[in-house]
Amino acid sequence: MRIVLAPDSLKGSLTATQACQAIEEGILNVAPDTEIVRLPMADGGEGTIESLVYALGGSIREATVRDPLGREVRASYGVLADGITTVVELAQASGHTLLSKQERNPLVASTYGTGQLIARCLDDGYRNVLLGLGGSATNDAGTGMMRALGVRFLDEAGLPLPDGGDALGALRTIDLSSIDPRLAETKVTAVTDVRNALCGDDGASRVFGPQKGATEADVRRLDEALSTFADVVKRQLGFDVAVMPGAGAAGGTGAGALAFLGAELRPGCELLADYYRFDERIAGADLIITGEGRLDAQTLSGKVVAGLCRRARVQGVPVAALCGSIGLSAREMDAIGLAAAMSIVSGPCNLSEAVDHAYEWMRDRAEQLMRIVRLGRL
Ligand SMILES: O=C(O)[C@H](O)CO
């Protein structure tokens, strides 16, 4: 049998590569001669570097940059085995996991460190950058990132704005005269974990602000500030980032990447599947096993599992999912073409138990799934 493993991470408990390893162990316990293809997925957020480097080869490097509050932090970036592509993950330098709950404050948090990581890739001589967007602590439309790359964001008096999303309310002019000239010869592809717009009810501040510590009043200020940013970009650069799907990823960094880096925005699942040559590699497979923390309405709106099911359906390869929890009905699973889903949790437990045991539970559930598959072949 040939089985393709393509799980997303189970955030906070298993990375996608750990999930692959656990599932593989479970399968091989039952059917040791199974051919396994490992394609750990990611959506642009945490784990994007790890998955791409694991599946495609390459190396992980580190640099000291600024965290969302300006302190020094060691952050990773990836260099793929093709020798030309680097992977910068915004969550590494500007992610919400770098801050304690009390420190979270999207009014002031900045993506500056992400810009420093991009600059490091340019210093190393790379001109093809995959920029993973998701899991941010920020709401600054990527202006911190661009400041680290030479752009100046000025107020009415022509003075530079302070860091953070709130300050963008006072933005009047963008000075591109000192932008890093190497960007002109660099291709940036932004890998987005969501398709949200920049502003409004579906926008970055309203949908993701609260999880970064924004109060209702903060959400309104941040949304207005992003709208001011979008107006200035439109007036000065001539295009409308407010309405583009994915512009709201990572607190609006999708918009910044569009406006200043000339980035193409690609949903994470689609980009990784293309880099992995997913369609070719699933051809003739007996089964695809995917997974994520929770299967729910967000899964339907295009997360990793739905994206893979769409591609697998074209080739007639069945997909099963192993998840932390399942909030989809059988009918909804049918709608996305998911053949089966199992929770890895077998009884009531608290979150820390689930985190501590995720690897063994994933392995055991994969073993059960494999036993069922074997029964079906008797
Ligand atoms: O970082 C964020 O704001 C969310 O992950 C959506 O991109």
Side-chain angles (χ1 to χ4, degrees), residues 8-12 15-16 41-49 51 67-69 75 88-99 101 103-115 117 130-145 164-166 168 189-214 218-219 222-223 225-226 229-230 241-242 244-258 263 265-272 292-294 296-299 301-304 307:
D8 196 358
S9 61
L10 279 72
K11 295 229 158 68
T15 67
M41 298 303 294
D43 60 10
E46 300 104 308
T48 303
I49 297 173
S51 288
D67 82 355
L69 298 180
V88 171
E89 186 182 295
L90 178 138
Q92 284 286 321
S94 320
H96 66 86
T97 57
L98 297 168
L99 304 183
K101 213 167 174 201
E103 288 173 334
R104 290 183 188 179
N105 183 355
L107 297 173
V108 298
S110 167
T111 51
Y112 191 90
T114 299
L117 285 175
L130 300 179
L131 173 61
L133 300 184
S136 66
T138 55
N139 208 86
D140 71 353
T143 49
M145 171 179 82
D166 191 32
L168 292 177
T189 308
V191 188
T192 57
D193 68 335
V194 295
R195 305 282 290 158
N196 294 72
L198 183 65
C199 311
D201 285 349
D202 181 41
S205 319
R206 166 103 8 241
V207 179
F208 302 103
Q211 76 196 30
K212 301 174 192 181
D218 295 341
V219 165
L222 288 167
D223 188 48
L226 288 184
F229 168 81
V241 288
M244 295 186 189
T253 305
L258 277 164
L265 301 192
R266 302 275 322 272
C269 171
E270 295 302 321
L271 180 115
L272 267 74
E292 64 181 2
R294 179 169 166 77
D296 57 16
Q298 286 199 29
T299 310
S301 68
K303 287 269 189 172
V304 164

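Values in this document were obtained by computation on a predicted structure and should not be read as measured data. All heavy atoms count here, side chains included; hydrogens, waters and symmetry mates do not. Order of appearance sets the numbers: ligands from 1, and atoms from 1 within every ligand.
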(message) Whether the T138 and S94 side chains hold a donor-acceptor pair (N or O, under 3.5 Å, no angle test) is what I'd like checked.
(response) no
(request) Return yes if some donor-acceptor pair links the side-chain N/O of S51 with the main-chain N/O of T48 below 3.5 Å, else return no. (result) no
(message) I need the contact residues for ligand 1: any residue with a non-hydrogen atom closer than 4.0 Å to the ligand, ordered by chain then number.
(response) G134, G135, S136, D193, V194, F208, K212, A249, A250, G251
(message) Which residues pass the salt bridge (charged side-chain N to carboxylate O under 4.0 Å, His left out) test with D67, not counting sequence neighbours?
(response) R71
Supply the atom-to-atom distance [X] [atom1] to [Y] [atom2], rounded to the nearest 0.5 angstrom.
X    : Y    : atom1 : atom2 : answer
S9   : M41  : OG    : CE    : 11.0 Å
L271 : L265 : CG    : CG    : 11.5 Å
L272 : D43  : CG    : CG    : 9.0 Å

